[in-house]
2 protein chains.
Amino acid sequence: MPGSAVTSDLAHDLRLATMRLARRLRSQRADHGLPLGQLSALAALDRHGPLTPGALAQHEQIRPPSMTKVLAALAEGGYIDRVPDPHDGRQQLVSLTDKARRLLREDRRRRDEWLASLLVGLSDDDRAALAAALPVLEVLADS
Amino acid sequence: MPGSAVTSDLAHDLRLATMRLARRLRSQRADHGLPLGQLSALAALDRHGPLTPGALAQHEQIRPPSMTKVLAALAEGGYIDRVPDPHDGRQQLVSLTDKARRLLREDRRRRDEWLASLLVGLSDDDRAALAAALPVLEVLADS
DNA sequence: TATTGTTATACTCTATAACTATA
DNA sequence: TATAGTTATAGAGTATAACAATA
């Protein structure tokens with residue numbers, strides 16, 4: 001099967017390019033002074049809507065006690081609201097404040113801007129190649 | 001200019017897909033027990049050849065005292081050799097041992113394998129789209 | 001008893017400041 | 001004096017274990 005060597009080369013090169021590009025994108029994050037773990041928790045709430053602390057911890061792949069600290073810092077900064085679950089007194093629901101939504105919007109805008117400024121410098125063919133590969137990348141990312 | 005809205009959408013979607021895929025790739029790292037900072041220092045030595053502790057710290061974007069600790073752990077594990085610079089007694093050159101090279105090779109192999117296993121499940125068209133976009137991604141990553 | 005979340009405590013990785021050796 | 005690297009100490013951010021409240 002002659003395609004297998006090509007597939008493994010593609011995997012290798014795609015992995016390296018993805019990691020390098022992700023590193024560049026990460027370095028472009030806005031300097032809003034918010035630690036990465038806190039920002040990531042806010043982004044999860046933005047994507048999924050209000051969540052319990054436990055669900056957030058599971059999603060962010062950290063332990064509940066660690067999430068307790070992250071949430072304490074976010075509450076202190078006025079980025080989240082917590083309301084007790086009326087059906088289960090043990091649980092809470094954590095949601096974003098308007099302040100948090102504004103911060104997320106600004107953060108995304110800054111990072112999109114940097115990448116967009118690179119994209120306008122590409123040829124139409126290169127942009128088309130990216131657009132064609134995008135749905136495939138999304139499938140891989142969600143696997 | 002009708003293309004500008006499309007370009008900014010592409011930037012946004014490409015950024016999200018890249019970050020998500022990078023996260024999945026990172027989570028696939030081999031469980032060799034080596035902390036990420038140590039592994040990253042080894043990878044830098046592998047890419048650039050022997051370096052001084054100061055140059056390594058600069059490359060990894062950490063402070064020299066932090067690199068001192070990383071290097072102490074790597075030396076303890078038998079992953080690096082240190083030779084004094086004959087021309088300047090203040091400096092050293094840090095290089096990889098064979099053990100480190102084997103570890104890096106194994107680590108890459110495991111991550112490539114995971115991605116390759118996803119790629120073989122794609123259609124030929126999807127793989128072709130990725131292959132066509134790859135050089136463009138590499139340009140972006142190096143910008 | 002089991003589950004949700006918090007508190008207490010410790011470990012890892014990073015930092016700044018002070019120190020040693022060499023240029 | 002200036003530079004390369006280390007040692008001392010401290011600050012984030014994470015973890016495990018033990019605890020309180022609720023189901």
Side-chain angles (χ1 to χ4, degrees), chain A residues 23 26-27 29-45 48-77 79-96 100, chain B residues 23 26-27 29-45 48-77 79-96 100 103 107:
Chain A
R23 179 188 293 204
R26 192 163 27 244
S27 74
R29 76 196 165 88
D31 189 11
H32 37 55
L34 217 59
L36 206 63
Q38 291 180 34
L39 186 67
S40 181
L42 291 182
L45 289 171
H48 296 96
L51 292 172
T52 64
L56 252 181
Q58 194 166 7
H59 186 275
E60 294 297 295
Q61 310 234 52
I62 63 177
R63 300 294 156 193
S66 304
M67 185 50 75
T68 292
K69 286 202 173 188
V70 171
L71 293 178
L74 288 172
E76 170 90 13
Y79 296 108
I80 55 167
D81 288 323
R82 302 153 115 160
V83 298
D85 185 326
H87 303 316
D88 185 339
R90 295 170 305 181
Q91 296 195 108
Q92 313 165 4
L93 273 181
V94 181
S95 58
L96 296 178
Chain B
R23 178 187 292 205
R26 191 164 28 243
S27 75
R29 74 195 167 87
D31 189 10
H32 36 56
L34 218 57
L36 207 62
Q38 292 180 34
L39 186 66
S40 181
L42 292 183
L45 289 171
H48 296 97
L51 293 172
T52 64
L56 251 182
Q58 194 166 6
H59 186 275
E60 295 294 296
Q61 311 234 49
I62 64 177
R63 301 293 156 193
S66 303
M67 186 51 75
T68 294
K69 287 205 170 184
V70 171
L71 293 179
L74 288 173
E76 170 89 14
Y79 295 107
I80 55 166
D81 288 323
R82 301 153 115 159
V83 299
D85 184 327
H87 304 317
D88 184 339
R90 297 171 303 179
Q91 297 195 110
Q92 317 165 1
L93 272 181
V94 181
S95 58
L96 296 177
L103 179 141
D107 191 67

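Chain A is the first sequence line, chain B the second, and so forth, proteins listed ahead of strands; every chain is numbered from 1. Just so it is clear, the model here is predicted, and its values are computed rather than measured.
Counting to the nearest Å, the P atom of C:dT12 and the CG atom of B:Leu34 are 14 Å from each other. Between the C1' atom of C:dT6 and the CZ atom of A:Arg63 lies a distance of 16 Å, rounded to the nearest Å. Atom CG in A:Leu36 sits roughly 13 Å away from atom C1' in D:dA12 (whole-Å rounding). If you measure from atom CD1 of B:Ile80 to atom C1' of D:dG5, you get 13 Å, rounded to the nearest angstrom.
Checking D:dT14, D:dA8, D:dG5 against the side-chain heavy atoms of B:Thr68 singles out D:dG5 as nearest.
The heavy-atom pair separating B:Leu71 from B:Ile80 by the smallest distance is O-CD1, 3.5 Å. Nearest heavy-atom pair, B:Ala44 versus B:Glu60, reported as atom, atom and distance to 0.1 Å: CB-OE2, 3.4 Å. Across all their heavy atoms, B:Leu96 and B:Leu42 have their closest contact at CD2-CD2, 3.5 Å. When all heavy atoms of B:Val70 and B:Gly37 are compared, the pair lying nearest together is CG1-O, 4.2 Å. Annotation for B:Leu56 and B:Ala41: closest pair CD2-O, 4.0 Å, computed over non-hydrogen atoms. Considering all non-hydrogen atoms of both residues, B:Val94 and B:Leu45 come closest at O-CD2, 3.5 Å.
Between A:Ser66 and D:dG13 there is no side-chain polar atom (N or O) within less than 4.0 angstrom of OP1 or OP2.
Of the residues in residues 50-62 of chain B, those placing a heavy atom less than 4.0 Å from an atom of DNA chain D are B:Thr52, B:Pro53, B:Gly54, in numerical order. For residues 82-92 of chain B, proximity to DNA chain D is found at B:Arg82, B:Arg90, B:Gln91, B:Gln92, defined as any non-hydrogen atom under 4.0 angstrom from a strand atom.
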task: Under the side chain to side chain contact (heavy atoms under 4.5 Å, CB included) rule, what do B:Asp85 and B:Thr52 come out as? Steps first, then yes or no, please.
output: CA-CA 9 Å; B:Asp85 184 327; B:Thr52 64; 5.9 Å; no
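Heavy-atom contacts from other residues, nucleotides or ligands closer than 6.0 Å to CZ of B:Arg82 number more than 12.
Residue whose closest nucleotide on DNA chain C sits further toward the 5' end, between A:Pro65 and B:Met67: A:Pro65.
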